[in-house]
Q: 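Below you will find the structure I want to go over with you.
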Amino acid sequence: MATRPNDVRMTLAEFLVWDDGTDTIYELIDGQIFAMTAPHWRHARVLSRLDRRIGAAIEPPCEVFTTGGVVPLEVDDTWLVPDLVVSCAGQDDAERHIQEPKLIVEVISPSTHDHDRGRKVHLYRRIASVEEILVVWSRERRVELWRRDGRRWVVEDFVGNAAFRLETVSATLGLVDIYGD
């Protein structure tokens, strides 16, 4: 779980100019600052495989981002840092966040499970351009795919050796592609 460095509340504008003098990555949620903890090697391996598979499936103008923030609509105190984002919108140099994310991927661990799968997924669903959210467990062969279907979200759970389709990038991935043998 991310740790809170202090109880200072900030707006998004204040957060984007704030600098603590370190290379620490932070999220801003409801005006509170959270330091992101260093990922476990399992997290990094799963993310690397997803980056390669999804990156191979997309075509310009779409791009895969493994760093960068996204901003839920209608809030001025939240900046989220997903593990992976796909956007097909041109990125505006004047903006710091990734424009119009279509696919958001969160790789979760036991310590981030509640935060990433709960609060963050709830906030990602508020971003109008997001069509799919993929929640990937780092310590078990399991993914949860959230797909926008009009005004509702449909959730599918895949375990073991299952395969699933990401409509946003027109790719079918097997859990073996993510976790290996």
Q: List the residues meeting ring-ring contact (aromatic ring centres under 6.0 Å, His included) with Phe164, not counting sequence neighbours, and say none if there are none.
A: Phe158
Q: Holding to side-chain hydrogen bond (donor to acceptor under 3.5 Å, both in side chains), I want the full list of residues that pass it with Asp23, two or more places apart in sequence or in another chain.
A: none
Q: Any side-chain to backbone donor/acceptor pair from Lys102 onto Val169? Under 3.5 Å, distance only.
A: no
Q: With rounding to the nearest 0.5 angstrom, report the CG to CG distance, Asp177 to Leu50.
A: 9.0 Å
Q: Identify, with sequence neighbours excluded, every residue that meets side-chain hydrogen bond (donor to acceptor under 3.5 Å, both in side chains) alongside Glu63.
A: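 Once residues adjacent in sequence are excluded, Glu63 has no partner under the side-chain hydrogen bond (donor to acceptor under 3.5 Å, both in side chains) criterion.
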Q: Return each pair, listed once, that meets side chain to side chain donor-acceptor pair (under 3.5 Å) where at least one residue sits in residues 43-57; pairs must be two or more places apart or across chains.
A: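 For residues 43-57: His43-Asp83, Ser48-Arg52.
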Q: For Thr66, give me all partners under side-chain hydrogen bond (donor to acceptor under 3.5 Å, both in side chains), at least two apart in sequence or on another chain.
A: none
Q: Please state whether the rings of Tyr26 and Trp18 are parallel, tilted or perpendicular, taking 30° and 60° as the class boundaries.
A: perpendicular
Q: Can you name the closest pair of heavy atoms from Gln99 and Ser87 and give their distance?
A: O-OG, 2.5 Å
Q: Donor-acceptor pair, distance only, cut-off 3.5 Å: does the side chain of Arg9 make one with the backbone of Asp30?
A: yes
Q: For a 4.5 angstrom cut-off between non-hydrogen side-chain atoms, does Trp137 reach Val159?
A: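 Sidechains of Val159 and Trp137: no contact.
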Q: Please report the closest heavy-atom contact between His97 and Val70, naming both atoms and the distance.
A: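 Smallest heavy-atom distance, with atoms named: CB-CA, 4.3 Å.
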Q: Which residue pairs pass the side chain to side chain donor-acceptor pair (under 3.5 Å) test with at least one member in residues 152-169, sequence neighbours excluded?
A: Glu132-Thr168, Arg141-Asn161, Arg142-Asp157, Arg147-Glu156, Asp149-Arg152, Arg165-Thr172
